[in-house]
Amino acid sequence: MKVLIHNSAELAQQAVADILTARILAHPASVIGLATGGTMEVVYDRLIRAIAREAVPVRDLVTFNLDEYWGLAPAHPASYRSYMNARLFGPAGIPLERTFLPVADAADPAAESDAYELRIREAGGIDLQLLGIGQNGHIGFNEPTSSLASRTRLKTLTQSTRKANQQYFGADEATPEYAITMGIGTILDARECLLLATGSNKAEAVSRMIEGPLGAHCPASALQLHPKATIILDADAASALELREYYQHVHPDGIDRQPTHG
Ligand code: F6R
């Protein structure tokens with residue numbers, strides 16, 4: 001794991017936007033895995049600006065999102081399809097027909113999950129998977145105890161995840177109970193993983209992911225198995241790391257000084 005600790009959330013968010021921009025410039029036909037949530041909002045703002053400023057070609061990109069709430073029509077204002085269209089795809093000019101999320105109002109969640117896996121395989125697999133982390137250590141919506149070999153499927157959300165996401169729903173509408181999410185095995189198949197965490201409310205989950213035992217109780221700890229996983233943090237999210245000084249010694253100010261992973 002490569003652990004890059006930046007002095008502020010802004011610098012960490014910019015670093016992630018820079019990696020995505022450089023990746024798309026170098027490989028315009030990349031297959032990128034995307035995440036939603038509050039953490040990604042500034043990243044996507046920065047990415048949209050870079051795409052406009054540097055005339056980054058996005059017409060050949062293919063994207064796959066990690067997850068979607070089960071039961072929400074794509075047009076629902078709190079769906080992840082709506083989030084992605086409004087916060088990235090529309091403003092960046094990414095052709096919608098090349099962007100994929102699980103279809104969460106399909107009749108059969110198992111069939112839709114299998115079809116999603118197939119779509120990813122047919123696209124040649126994911127080159128770079130962007131990730132956030134939940135306070136309970138989830139990645140995508142792989143809640144604690146998810147199998148480390150899991151594939152795309154319907155998952156029951158924990159009450160704490162539903163509570164954290166209630167802000168995106170109206171006062172009279174509860175956060176859905178289920179989501180279709182890529183599995184941990186699906187995520188680990190990506191050629192590269194890039195996880196961003198900011199804020200002290202993520203510090204404990206971050207320390208369990210990086211320094212805790214590998215286990216389904218902290219699904220993000222599965223990234224310890226990935227040969228090319230980069231974790232980008234701000235100082236607050238890094239504050240519970242035992243080996244923080246070592247990571248800062250290897251990559252001062254979060255600047256990636258070593259091209260290899262390990
Ligand atoms: C959503 C997703 C989730 C979020 C996580 C953190 O697509 O993949 O794992 O990344 O719940 O959410 P925020 O950024 O809102 O704290």
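Here the structure is a predicted model, which is why all the values come from computation and not from measurement. Atoms within a ligand are numbered from 1 in the order they appear, just like the ligands themselves.
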Original post:
Should Arg87 and Glu41 count as an ion pair when the cut-off is N to O under 4.0 Å?
Top reply: yes

**OP:** Could you tell me whether Arg46 and Glu10 have a side-chain N and a carboxylate O separated by less than 4.0 Å?
**Re:** no

Classify the contact between [X] and ligand 1 as side chain, backbone, both or neither, using a heavy-atom distance cut-off of under 4.0 Å.
X: Thr161; answer: neither
X: Leu66; answer: side chain
X: Asp67; answer: side chain
X: Gln135; answer: neither

Original post:
So, is His138 polar-close to ligand 1, with some N/O to N/O distance under 3.5 Å?
Top reply: yes

Original post:
Can you check whether Thr39 has an N/O within less than 3.5 Å of an N/O in ligand 1?
Top reply: yes

Original post:
Taking the hydrophobic residues Ile, Leu, Val, Met, Phe, Trp and Tyr, and joining any pair whose side-chain heavy atoms are under 4.5 Å apart, which ones share a cluster with Leu154?
Top reply: Trp70, Tyr178, Ile180

Subject >> Working for side-chain contact (heavy atoms from CB on, under 4.5 Å), residues Gln129 and Met182 >> reply: CA-CA 11 Å; Gln129 177 65 56; Met182 279 187 206; 3.7 Å; yes

Spell out, as yes or no, whether a donor-acceptor pair under 3.5 Å connects the side chain of [X] to the backbone of [Y].
X: His251; Y: Arg257; answer: yes
X: Asn65; Y: Asp67; answer: no
X: His27; Y: Ala29; answer: no
X: Ser30; Y: Leu61; answer: no

Subject >> Which of the ligand 1 atoms, numbered from 1, are nearer than 4.0 Å to a heavy atom of Ile133 >> reply: 5 (C), 6 (C), 10 (O)

Subject >> Residue Lys202 vicinity, atoms of ligand 1 by number, heavy atom under 4.0 Å >> reply: 6 (C), 13 (P), 16 (O)

Original post:
For atom 3 (C) of ligand 1, which of Gly140, Gly38, Gly37, Gly132 has the closest heavy atom?
Top reply: Gly140

Original post:
Which residue and non-hydrogen atom of the protein lie closest to atom 4 (C) of ligand 1, and at what distance in Å?
Top reply: Thr36 O, 4.1 Å

Original post:
Is the closest heavy atom of Met40 to ligand 1 under 4.0 Å?
Top reply: no

